Amino acid sequence: MSLETDRPAIPDLQDKARVLRRHIIEMTTAAGNGHPTSSLSATEVVTALHFGGFMNYDASRPDWPERDRFIMSKGHAVPALYAAMAEAGYFPVEDLLTLRKLGSPLEGHPNMRRLPGIEASTGSLGQGLSIGLGQALGCRMDGIDARVYVVLGDGEMGEGQVWEAIATAHKYQVGNLTAIIDQNGYQQTGATADVLDLTPFAPKIESFGWHVQTINGNEMSEVVAALETAVAITDRPTAIVAETQKGFGILPILEEVGDTNFHGQALPADIAEKALAHLG
Amino acid sequence: MGIGEKSGLSPGPATRDAFGKALESLGERFPEIVVVDGDVGNSTRTEAFAKAFPDRAFNVGIAEANMVGVAGGLASCGKIPVVASFAAFLLCNAYDQIRMSVAFPSQNVKLVGSHSGISIGEDGPSQMGIEDVALACSLAGMTVIVPADGVSTAKATEAMIEWDGPMYLRLGRPAVPQIYSEDSEFTIGRANRLHEGDDVTIIANGLMVAMALDAAAELEERGLSARVLDMHTVKPIDEQAVAEAARETRAIVVAEEHSAHGGLGSAVAVAASKNVPVPIAYVNTGDTYAESGDPDGLLEKYGLTTERIVEAVHRVTAR
């Protein structure tokens, strides 16, 4: 369990993010497929939430009603979450290597019925924020002081349902919901700017009555500062537009390969080895 | 002659009205019930609950996708969300959300689709849910119920709230005859035998149950005895009742206010073929969209009448 009072130092969180990145590469390369680069862009956010004293949870009691909730709406980036859950003690770290294998609860996209601690089954994009909104409302109805964090992709913002949820969260002044948009700039077939450019996100979301911050989402100190601001706001929903880089942490290796998007594929063993060496 | 007259049924409320009343009356007993509305609460009749329990009702606007997702989130907090919209908009507009946020995670969400079938009349085919049962049945773990009258709708509503798991309850817009008495049985997954007969079995649900009873009365005058089953639960279907009907009456007619594909007809055909294959004839809206018009005229034009059921009985018993 993490408490706000003993927030770890930024270098310690950066080191935890490094550990998560190693897990992400190891598990996806062992699986032979998956989305390592989409997971790597969100690693600072996932790390800060789980280990930076923001989320209250108890890995031994995943159904603890008072817990804060985390939803990976961009479900393909779930390796980042699995890595955090393993480090948090939800399951043994060795289990990460069962990712995507028959019989493993660590499925290609999160499945809440198979892995305790997963708060929403996602993988069809656009749906996590609505589920998170429902959970935020449910907690509020029960007088539970819990916050719901939802990580969305920038490509995912093309889904109309996301904007339905943004509007509705404003209507009900849901002050315990925080959306984090992992703006890594790429989606399946190329740059998000070329596919369906919805940037800048901040003024659009602000116009729905949300509190919005835009930060460098791969800079741990900025992520921590933005989350500190967000959790202090309880009278309306909050969003953090986290400008990130897909594959952050191993970009020099991806540049060497000549594909910095590297969407939806695991690193081959030799490149994974280089990437791990690069991470240290 | 009006629906239900031939079989001596008295008039009753629309199933949506009975649902709205029942839901409100369950609100005290089940504090977990929460209504999530897509701004059609005065049509689906969740309005009464929302007025009685304003803190437990959310009108999320004309946004069915978000509506279903929010319900999934509420269910994961232990609530019993009742999501009501027109059958067409709920199942067709929010199908992936029902799949991802309700069925796949097996959330305890109650989906209620009103204005099903063609009997909504003048508003026309865009508003008519004629494929909703097929869509709902295709979702793993989804229970699908189509009650026939006000009394059984009230009982179905209570059973739905008591049931743990995702469920679809299909309701209609027009008033329908009262078939059941207050002390009648309603058990999810168990068909009700409403008329005894040995020559053929008419299996129906929803609005078509009253017509099936009319058809049985008419057939009796012609010397044919028809068993009538109210198959209110399409999924899981009462396989035993279908097998008994097949074995004992050797012919089946299925009548439903739905398209020809994937509804009660398909469910009965599968159940019969697994156990006791017999000739089956089907009364439904076929493979077409209907049109605007008065409900009675539409039912006549698109083949949902007592006469069509009687014809189907003659056809199937001659095979």
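All figures in this text were calculated on a predicted structure; none of them were measured in a lab. So that the names make sense, note that chain A is the first sequence line, chain B the second, and so on, each numbered from 1.
With a 6.0 Å radius and a threshold of 12 heavy atoms from other residues, nucleotides or ligands, Lys21(B) has its NZ atom at or below the threshold. No more than 12 heavy atoms of other residues, nucleotides or ligands shown are found within 6.0 angstrom of CD1 on Ile62(B). The neighbour count for Gln173(A) CD, taken as heavy atoms of other residues, nucleotides or ligands under 6.0 Å away, is above 12. Heavy-atom neighbours of Asp145(A) CG from other residues, nucleotides or ligands within 6.0 Å: at or below the threshold of 12. Summarising the local packing, CD of Gln240(B) is surrounded by 12 or fewer heavy atoms from other residues, nucleotides or ligands at distances under 6.0 Å. Within a 6.0 Å sphere centred on CG of Asp164(B), other residues, nucleotides and ligands contribute 12 heavy atoms or fewer.
When side chains are defined from C-beta on, Asn111(A) counts as touching Phe104(B), because their heavy atoms get closer than 4.5 Å.
Of all non-hydrogen atoms in Met141(A) and Arg56(B), the two that sit nearest each other are CE-CG, 3.8 Å. Contact record, Tyr172(A) with Phe58(B): OH-CA, 3.2 Å, taken as the closest heavy-atom pair. Across all their heavy atoms, Ser121(A) and Pro105(B) have their closest contact at OG-CB, 3.9 Å. Closest heavy-atom contact between Arg113(A) and Ser106(B): NH2-O, 3.4 Å. Residues Ile131(A) and Ser101(B) come closest through the heavy atom pair CD1-OG, 3.5 Å. Of all heavy-atom pairs between Met100(B) and Ser124(A), the closest is CG-CB, 3.5 Å.
Most heavy-atom pairs under 4.5 Å with chain B: of the set Gly134(A), Ala120(A), Ala136(A), Gly138(A), this distinction falls to Gly134(A). Ranked by heavy-atom pairs shorter than 4.5 Å toward chain B, the options Met112(A), Arg69(A), Glu119(A) are led by Met112(A). Among Asp63(A), Ile144(A), Leu137(A), Leu133(A), the residue making the largest number of heavy-atom pairs under 4.5 Å with chain B is Leu137(A). Of the listed residues Ala63(B), Ala94(B), Gly72(B), Ser76(B), the one with more heavy-atom pairs under 4.5 angstrom with chain A than any other is Ala63(B).
With a 4.5 angstrom heavy-atom cutoff, Gln107(B) touches chain A via backbone and side-chain atoms both. With a 4.5 Å cut-off on non-hydrogen atoms, Val36(B) does not touch chain A at all. For a residue to count as touching a neighbouring chain, one of its non-hydrogen atoms must lie under 4.5 Å from one of that chain's; by this rule Ala165(A) touches chain B with backbone and side chain alike.
Remark: Ser130(A) OG to Leu74(B) CG distance equals 11.0 Å, nearest 0.5 Å. Here the straight-line distance linking atom SG of Cys77(B) with atom CD of Gln135(A) works out to 5.0 Å at 0.5 Å rounding. We find the CD-CD distance between Glu64(B) and Glu164(A) to be 7.5 Å, quoted to the nearest 0.5 Å.
Side-chain N/O atoms of Asn66(B) and Gln127(A) include no donor and acceptor closer than 3.5 Å.
In this structure, Lys171(A) contributes its side chain and Asn59(B) its backbone to a donor-acceptor pair below 3.5 Å.
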